[in-house]
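Following: one structure in structure tokens, then a few remarks.
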Amino acid sequence: MSTDARAFCRDEAQAIATYNFAYLDEQSKRMIRRAILKGIAVPGYQVPFASREMPMPYGWGTGGVQVTASIIGPDDTLKVIDQGADDTTNAISIRKFFARTTGVATTTATTDASIIQTRHRIPETPLTEGQVLVYQVPIPEPLRFLEPRETETRTMHALAEYGVMHVKLYEDIARHGHIATTYAYPVKVEGRYVMDPSPTPKFDNPKMDQCPALQLFGAGREMRIYAIPPWTQVVSLDFEDHPFEVQAFDRPCALCGADDVFLDEVIMDDQGTRMFVCSDTDHCNSRQTAGHAGEQDT
Amino acid sequence: MQAEPDANGYLEGGFADPVMGGQTIFRAIMQAMAEPGTIRPISQALRAPAPMTRTMAAIAATLCDADTPVWLDDALAAAPQVIKWLGFHTGAPMTPHTDQAAFALVSDSTAMPQLAAFAQGSDSYPDRSSTVILAVESLASGDAFDLSGPGIRTSARLRLTPAPADFIAQWTANGAQFPCGVDLILAAPDAVACLPRTTRIRQGEG
């Protein structure tokens, strides 16, 4: 390429280097918006969509990013969390991406956000009506590790044939004495579709049931969108003699003393000293601000 | 050279700002679909040739494009300006077959075809169903329906003027084939409400 041509390309690139609002072009947004409406109308059903290349790798939340880009508007306030934290790489880069491409307000406070994009946690602070929770989903198909063929799993969903999932949970019991699945714990939505809640800890499953907020799920690489409308029944699969139960922790958060939250284990030094702290940084910070303290501070 | 005035009446009347306009309308529709029975105001000033209402035009401009075959009811199909407006502003192809429509535009709710005539989707792909955009005169008065189902905390009340003929029986049959079935977007002059296929309705009292 000649020097002139290079210069021309560079000038052209600079001239067009203004992205559309929220990065995606309007036709892509329309296609995703139609998939979202179908997802809401058929709760728990995975709607195929023509996932786009995004300026970040698959596995970084391209599905969630495309859903957020298609619903976000100038009046929104966006919060992004990664494993409950507002201050990790994935959360910060996605929050900055939308701050740059939309100019919308961002926040770390769950109560201030109208859209919360999440990777693998549901905030501890109860969600409210009008909020939208957008999940980043790696593998949307709950039956995928039991049946690799898409043609088969699609038929199984069509027939509501979910016996194999109960066999899987039963094998957990036979092997471990209890259901050993701790994350991506399968749920049944409104008595029809078995759905993968994304790799959230099963601790968060009860929060999905009758949730006042709209829950949208985007899987970019697998090209699926699904949804749970507000006030919808979401039941974790279990057995009468082995009822579903969430993780329990034998100590409170070391920083804020909360004993009803999901905790992260943090290694403190080479001697194996460990600390257990809230995975939800916003919840932990606001409790500390309110004067709560854990053993760390006492 | 002076620009030709829009003598035909279909070149103008789209979104003044397609990006923000589409986002605003979509959020209203999304919230209405997520919470059936709630009424979301629509304030976008679109102009469309009669008998297409401006709310209907706003919904079509938000959701329809070259990927979505659109079916028009007799009143709309008889108006060449409507077809030209939709072609120019959305690029959507028209289809004469109700069961091939991604979106069906119905301007006269009393003459709506049976819901069963539209695309219902399949058990494997229930998303391949028609969404019916139905123009109504009012969502504030008229026949009352009590709603229940996903998106509704306890109960919700929807009013329709005018309601399609035999509406409860048709809607009950539509819901009975879940996950297949059509979804309904109700377009009032300044507002929108939705009935996804999951919503159960019965005659409201009073």
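In what follows, chains carry the letters A, B, and so on, assigned in the order in which the sequence lines appear, proteins first and then strands, with residues in each chain numbered from 1. What you see is a predicted model, and the numbers here were worked out from it, not measured in a lab.
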Contacting region of [X] [heavy-atom separation from chain B under 4.5 Å]:
X       : result
L214(A) : side chain
V132(A) : side chain
D25(A)  : neither
L216(A) : side chain
L37(A)  : both

Just checking [X]: does its [atom1] atom have more than 12 heavy atoms from other residues, nucleotides or ligands closer to it than 6.0 angstrom?
X       : atom1 : result
D74(B)  : CG    : no
R144(A) : CZ    : yes
E53(A)  : CD    : no

With a 4.5 angstrom heavy-atom cut-off, which part of [X] approaches chain A: side chain, backbone, both or neither?
X       : result
C194(B) : neither
P36(B)  : neither
Q23(B)  : both

Roughly how far, to the nearest 0.5 Å, is CZ of R52(A) from CE of M223(A)?
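The CE atom of M223(A) sits 9.5 Å away from the CZ atom of R52(A).
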
Result of checking Y226(A), Y193(A), F217(A) against Y45(A) for ring pair (Phe, Tyr, Trp, His ring centres under 6.0 Å):
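Answer after filtering Y226(A), Y193(A), F217(A): Y193(A).
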
Using a cut-off of under 4.5 Å for heavy-atom pairs, which of [options] has the most such pairs with chain A?
options                  : result
L63(B), T199(B), D183(B) : L63(B)
R153(B), E35(B), R197(B) : R153(B)
P196(B), A66(B), S129(B) : S129(B)

Looking only at heavy atoms and a cut-off of under 4.5 Å, which of M31(A), Q46(A), E26(A), R33(A) has the most pairs with chain B?
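If we count pairs closer than 4.5 Å to chain B, R33(A) comes out on top.
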
Sort out for me which of R192(A), K29(A), H157(A), E129(A) touches chain B most, counting heavy-atom pairs under 4.5 Å.
R192(A)

Under a 3.5 Å threshold, yes or no: a donor from one side chain and an acceptor from the other, between Y125(B) and R154(A)?
yes

Would you tell me whether S51(A) and Q66(A) have side-chain atoms, one donor and one acceptor, within less than 3.5 Å of each other?
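Per modelled atom types, S51(A) and Q66(A) side chains form a pair under 3.5 Å.
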
Go through F145(B) and W171(B) one step at a time and tell me if the ring pair (Phe, Tyr, Trp, His ring centres under 6.0 Å) criterion holds.
CA-CA 11 Å; F145(B) 302 98; W171(B) 191 255; over 10 Å; no

Q117(A) (side chain) donor-acceptor with T68(A) (main chain) under 3.5 angstrom
no

